[in-house]
There are 2 protein chains.
Amino acid sequence: MSHSLGVRQAQKQKTRQAFLDAALGLLAEQSLSSLGLREVTRAVGVAPTAFYRHFHSTADLGVALVEEALGSLHPMISGTVSTADDSDERIDRAVALIARHVRAYPAHIRFIARERNGGVQKVRAAIAEQMDRFADEVRAELAKQPESDGWSDDDLLMLAGLYVDQMLMTASAFLEADPDDPHEEERVTRVARRRMRLISIGRRNWLG
Amino acid sequence: MSHSLGVRQAQKQKTRQAFLDAALGLLAEQSLSSLGLREVTRAVGVAPTAFYRHFHSTADLGVALVEEALGSLHPMISGTVSTADDSDERIDRAVALIARHVRAYPAHIRFIARERNGGVQKVRAAIAEQMDRFADEVRAELAKQPESDGWSDDDLLMLAGLYVDQMLMTASAFLEADPDDPHEEERVTRVARRRMRLISIGRRNWLG
DNA sequence: CCATGCAGTAAACAACTGTTCTCCGTGGGG
DNA sequence: CCCCACGGAGAACAGTTGTTTACTGCATGG
């Protein structure tokens with residue numbers, strides 16, 4: 001597995017990753033629509049023109065960031081939904097999983113939450129597509145559970161979307177609370193748990 | 001009630017409103033953090049320096065926009081929650097109310113949804129504060145209903161927040177669907193109704 | 001082993017940005 | 001009635017922006 005990538009292509013991908021990382025850092029305190037091409041190249045330590053070797057525009061960079069950020073979000077959602085039955089301790093575990101992920105990749109979820117309704121149409125579309133895919137996967141996972149007997153696929157998709165949206169909102173809430181105030185973080189945790197629990201109760205009593 | 005405002009102050013507020021309107025228009029396809037001062041003054045048809053007579057910065061303009069946009073959102077939320085008991089036809093009415101409001105003030109809700117997680121800290125804080133206020137009003141309204149017997153204030157606030165967030169997400173969904181495709185809009189309506197209904201079912205079975 | 005494709009450089013471009021200073025016209029309080 | 005406070009205009013400022021053109025060095029495939 002040594003010659004899997006030439007020295008050349010490896011260096012290119014390395015630079016590309018540097019662009020993504022630098023952009024993600026800069027996007028901590030601004031939105032994509034205000035992110036300048038030169039700003040990014042300056043942060044990477046590279047000439048402005050080098051940018052074009054990797055992306056057409058900052059909007060394109062944004063789309064690439066969506067892939068990366070939601071790729072890292074994928075295991076979290078899978079993990080959350082696989083434990084998404086009714087029992088309280090499993091809900092607690094799911095919320096803890098979200099909190100852990102936020103602390104591991106804060107820039108990723110900040111980017112997604114920010115640009116989901118952001119000013120760049122292509123990025124919004126890319127996020128929406130990925131979120132729809134996630135919702136569909138969650139629906140498939142929910143369908144396996146015995147609690148879903150008698151549910152229509154449409155209703156399951158509705159529930160899955162509600163779960164996914166709730167996860168992202170919870171993650172965003174953890175983000176705002178971050179400034180090492182464990183009290184504040186505990187508050188977010190408690191609210192998130194109860195929201196999840198209420199939704200689960202709604203699920204359990206949906207039929208009939 | 002004629003001399004309530006001098007000609008001078010009236011003209012000033014008129015110009016100020018022109019700034020707000022122009023900014024709201026420009027923010028249809030970009031985020032606040034990329035909104036330039038000169039861009040706004042150009043849209044208003046006024047000298048760049050005139051901007052400083054009304055706002056310190058574009059971030060200040062954003063805070064002012066929060067007041068205006070959430071001021072217009074207030075009656076919608078009140079109207080929605082006053083009908084937010086369990087019956088299906090009331091839920092339908094609430095969703096219709098949201099749809100109507102989105103069609104009446106699309107720029108307002110687009111701004112709120114976009115900047116709620118946007119790149120300008122002061123604006124995010126202003127929105128969060130107003131949303132918290134809304135949630136608290138909804139909590140007070142819910143507390144009056146007989147379904148809330150036995151509920152703690154904390155749980156009621158949790159439910160209220162869930163409702164408020166759901167309203168904004170529904171409004172945002174209507175916004176994305178807008179391109180005069182009534183089929184798409186109907187789909188959003190149906191999903192929103194069922195989400196609301198599931199939450200209401202969860203509410204009804206929360207205790208015990 | 002050499003020719004070439006390609007990542008990255010350097011300089012220049014016109015256009016745009018936020019901010020400051022100076023000025024003007026006039027509505028309104030004394 | 002008149003003086004002045006104030007909304008707004010205009011010009012100028014140093015920086016920054018995205019994009020183009022021409023260039024360099026080197027890894028790599030034939």
Side-chain angles (χ1 to χ4, degrees), chain A residues 1-23 25-65 118-123, chain B residues 1-23 25-65 118-123:
Chain A
M1 69 258 194
S2 58
H3 60 88
S4 58
L5 239 62
V7 177
R8 200 140 197 186
Q9 302 223 357
Q11 181 59 31
K12 175 165 184 178
Q13 286 200 345
K14 200 170 146 189
T15 304
R16 182 191 148 97
Q17 190 58 46
F19 274 124
L20 295 178
D21 292 347
L26 292 168
L27 287 172
E29 30 199 29
Q30 67 182 306
S31 331
L32 182 65
S33 75
S34 71
L35 184 69
L37 167 164
R38 294 183 99 107
E39 199 178 350
V40 183
T41 59
R42 198 183 310 131
V44 174
V46 88
T49 46
F51 183 88
Y52 294 106
R53 303 289 181 193
H54 300 270
F55 308 100
H56 292 45
S57 62
T58 55
D60 251 41
L61 209 191
V63 172
L65 276 178
V120 184
Q121 208 269 333
K122 277 172 77 172
V123 172
Chain B
M1 69 255 194
S2 57
H3 63 86
S4 58
L5 241 61
V7 177
R8 199 139 198 184
Q9 302 223 0
Q11 181 58 32
K12 175 164 186 180
Q13 287 201 344
K14 200 169 145 189
T15 304
R16 182 190 149 95
Q17 189 59 44
F19 274 122
L20 295 177
D21 293 346
L26 292 167
L27 287 172
E29 32 199 29
Q30 66 181 308
S31 332
L32 183 65
S33 74
S34 69
L35 184 69
L37 168 166
R38 294 183 99 109
E39 200 178 351
V40 183
T41 59
R42 197 183 311 129
V44 175
V46 90
T49 46
F51 183 87
Y52 293 106
R53 304 289 182 191
H54 299 271
F55 309 99
H56 292 45
S57 62
T58 55
D60 251 41
L61 207 192
V63 173
L65 276 178
V120 184
Q121 207 268 335
K122 277 173 76 172
V123 172

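Quick note on labels: first sequence line is chain A, next is B, and so on, each numbered from 1. All values reported here derive from a predicted model rather than from experimental measurement.
- Taking every heavy atom of both residues into account, A/Ala22 and A/Val44 meet most closely at CB-CG2, 3.6 Å.
- No more than 12 heavy atoms of other residues, nucleotides or ligands lie within 6.0 Å of CD in B/Glu29, so this atom counts as exposed by the packing criterion.
- Residue A/Arg42 contributes atom CZ, which lies 13 Å from atom P of D/dG15 at whole-angstrom precision.
- Of the candidate nucleotides D/dA27, D/dG8, D/dG7, D/dG7 has the atom nearest to the side chain of B/Lys12.
- Rounded to a whole Å, the CG atom of B/Leu37 is 14 Å from the C1' atom of D/dG8.
- Side-chain proximity of A/Arg38 to the nucleotides D/dG18, C/dC16, C/dG5 is greatest for D/dG18.
- A/Arg8 has its CZ atom 7 Å from the P atom of D/dT28, to the nearest Å.
- Side-chain N or O atoms of A/Ser33 include none that pairs as donor or acceptor with a backbone N or O of B/Gln30 at under 3.5 Å.
- Residues A/Thr58 and A/Phe51 meet the side-chain proximity criterion, which asks for heavy atoms closer than 4.5 Å.
- A/Asp60 contributes atom CG, which lies 13.0 Å from atom NE2 of A/His54 (distance to the nearest 0.5 angstrom).
- Here the closest non-hydrogen pair linking B/Val40 and B/Leu26 is CA-CD1, 4.0 Å.
- Remark: B/Thr49, B/Tyr52 in residues 43-65 of chain B come within less than 4.0 Å of DNA chain C through at least one heavy atom.
- Between A/Glu39 and A/Val7, the residue anchored closer to the 5' end of DNA chain D is A/Glu39, taking for each the nucleotide with the nearest heavy atom.
- Between the CZ atom of A/Phe19 and the C1' atom of C/dA7 there is a distance of 10 Å, given to the nearest Å.
- Put simply, CD on A/Gln9 is 19 Å from P on D/dC26, counting in whole angstrom units.
- Rounding to whole angstrom units, NZ of residue A/Lys14 and C1' of C/dC6 are separated by 18 Å.
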